[in-house]
Structures are given as structure tokens and as C-alpha cells.
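Just below is one structure, and these are the notes that go with it.
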Amino acid sequence: MSMAVVGLLAGMALAFAGYFGGFGAFLLVAALGAVGFVAGRILDGDIELGDFFHGRDRGDRRR
């Protein structure tokens, strides 16, 4: 399935949620979609879970 079709389906889901459930349902569907997207990227191996918890490398500079 191409990314254009996935985007189309996500947009349609958000549109239905916004139309029938109001703005709160729209936000809930958008937030859960983002969580699902990140979870899918983690399961595919594109994102490491540790990337979210490690700070940036600052080298040897200390203040």
C-alpha cells in the first residue's frame, strides 16, 4: 500500500471523526494515529526506543 493511500485513509478517518464526533473526537483520533505511527516505526526497526530517552551528545565540554 502506498503512502498516498495511507494518507488518504488517515485523512478520511479524521474527517469522519470530526464530522460525527466533534472536535474532541478529531483530536483523539489524531493522537491515537500518531501513537500508532510511532509504534509501527519502532516495530519496523526504523526508530530505536532509546532515541526518545537519550539526551544529545555534548562531547567533552563541561560547564
Side-chain angles (χ1 to χ4, degrees):
M1 186 179 311
S2 72
M3 292 304 290
V5 173
V6 172
L8 174 69
L9 292 175
M12 289 174 60
L14 287 172
F16 279 115
Y19 183 75
F20 292 112
F23 189 67
F26 172 81
L27 290 178
L28 179 65
V29 170
L32 292 176
V35 169
F37 175 75
V38 171
R41 298 288 287 207
I42 289 171
L43 291 175
D44 282 344
D46 294 336
I47 298 175
E48 293 283 332
L49 192 57
D51 292 344
F52 293 108
F53 299 111
H54 293 305
R56 290 187 277 168
D57 292 332
R58 297 180 188 208
D60 292 328
R61 289 188 286 165
R62 293 185 181 167
R63 294 182 186 204

**OP:** Please name the pair of heavy atoms, one in Ala25 and one in Ala17, separated by the smallest distance, quoted to 0.1 Å.
**Re:** CB-O, 3.6 Å

Original post:
side chain to side chain contact (heavy atoms under 4.5 Å, CB included) with Leu14: which of Leu9, Leu27, Val29?
Top reply: Val29

Subject >> Distance, nearest 0.5 Å, that separates CG of Leu28 from CZ of Phe23 >> reply: 12.0 Å

